[in-house]
2 protein chains.
Amino acid sequence: MLEVYDDAYFMRQALAQARLAASMGEIPVGAVVVSHNRIIARGHNETERLNDVTAHAEIIALTAAANHLGDKYLLDCTLYVTLEPCPMCAGALAWAQTARIVYGASDDKRGFMRFGRELLHPKTKLEFGILHDECAELMTGFFQNRR
Amino acid sequence: MLEVYDDAYFMRQALAQARLAASMGEIPVGAVVVSHNRIIARGHNETERLNDVTAHAEIIALTAAANHLGDKYLLDCTLYVTLEPCPMCAGALAWAQTARIVYGASDDKRGFMRFGRELLHPKTKLEFGILHDECAELMTGFFQNRR
């Protein structure tokens with residue numbers, strides 16, 4: 001089977017991270033960082049395990065990517081994340097001057113878009129809605145099971 | 001000499017952290033977390049040394065405080081920081097449900113207040129301007145020396 005490295009492909013990798021989080025009892029959000037069509041970092045939510053509110057998928061993936069690159073700026077990188085980043089993560093991605101952000105499901109209550117794109121770096125390209133339904137269902141399913 | 005544990009006292013401790021950052025070539029921002037009049041965590045900016053855009057004074061202090069408490073919520077804590085937090089840090093302090101935030105100097109360009117107090121947790125109390133001039137001068141002096 002021929003695999004095409006498009007946004008859906010990388011979002012599926014982020015979804016795999018999100019499922020890993022769910023299997024550990026963490027809120028199922030996953031992220032990957034891609035540079036020149038190659039995944040250089042992965043992360044999933046670990047706030048419970050690490051007892052750390054900052055241990056969101058994006059922060060973990062961003063820090064891992066910086067370690068991999070030896071550079072704290074993600075100038076050539078795309079971050080894929082299954083859920084709309086929160087303002088904390090949007091702010092971190094702004095500091096990293098992330099070239100492109102692609103997210104799956106929206107988060108009307110806790111997402112950064114309430115505050116507008118000004119939370120991101122002016123040069124960052126933004127796309128969303130990639131595999132929206134799969135990303136959203138993972139969240140809905142997780143919280144339904146917890147009730 | 002009688003030492004009074006007031007906001008100025010704890011801001012001086014944050015200032016000491018900021019000076020430590022400056023001595024390491026880091027942007028001079030420092031923070032302490034206080035619980036029941038006791039400093040339970042300290043942090044200063046370490047973005048250069050750690051090669052990590054998220055290594056702001058507030059994030060380091062917040063994570064250290066969570067480790068100390070064994071709880072990721074800072075429900076009884078005040079975070080003192082020499083500079084107005086950026087949106088990333090404001091978002092992190094919101095997730096931690098920090099009871100109170102006190103900052104020294106304003107940061108009109110990169111501070112969270114451009115986006116409004118809605119970036120913080122609704123229960124968080126906010127104060128600023130404590131030792132404003134000392135906090136601001138540390139920043140101005142640092143950037144003047146770098147030119």
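Please read all numbers here as calculations on a predicted model, not as lab measurements. Note on naming: letters A, B, ... go to the chains in the order of the sequence lines (proteins, then strands), and numbering restarts at 1 for each one.
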Under 4.5 Å to a heavy atom of chain B? For A:Leu69 that would be neither

Cut-off 4.5 Å, heavy atoms of chain A, and the answer for B:Gln97 is neither

Scanning both residues in full, the closest heavy-atom pair of B:Pro28 with B:Ala21 reads CA-CB, 4.1 Å

Original post:
Between A:Tyr5 and A:Phe10, how do the two ring planes meet: parallel, tilted or perpendicular, split at 30° and 60°?
Top reply: parallel

Scored by heavy-atom pairs under 4.5 Å with chain A, the best of B:Ala94, B:Cys89, B:Gly70 is B:Gly70

A:Cys77 and A:Thr98 have their tightest heavy-atom pair at O-CG2, 3.9 Å

Q) Parallel, tilted or perpendicular: which fits the ring planes of B:Phe128 and B:Tyr103, with parallel below 30° and perpendicular above 60°? A) parallel

Chain A shares the most heavy-atom pairs under 4.5 Å, among B:Asp71, B:Asn67, B:Leu93, with B:Asp71

Okay, B:Ile59 and chain A: the region with an atom under 4.5 Å from a heavy atom over there is side chain

Counting heavy-atom pairs under 4.5 angstrom with chain A, the leader among B:Leu119, B:Leu50, B:Leu62 is B:Leu119

Residue from A:Thr63, A:Thr47, A:Asn51 scoring the most non-hydrogen pairs under 4.5 Å with chain B is A:Asn51

Between B:Glu26 and B:Arg49, does at least one N-O distance fall below 4.0 Å, as a salt bridge requires? no

Among B:Ala92, B:Ala66, B:Ala90, B:Ala55, the residue with the most heavy-atom pairs under 4.5 Å to chain A is B:Ala92

All heavy atoms of B:Glu58 vs all of B:Leu83, minimum pair found to be OE2-O, 4.2 Å

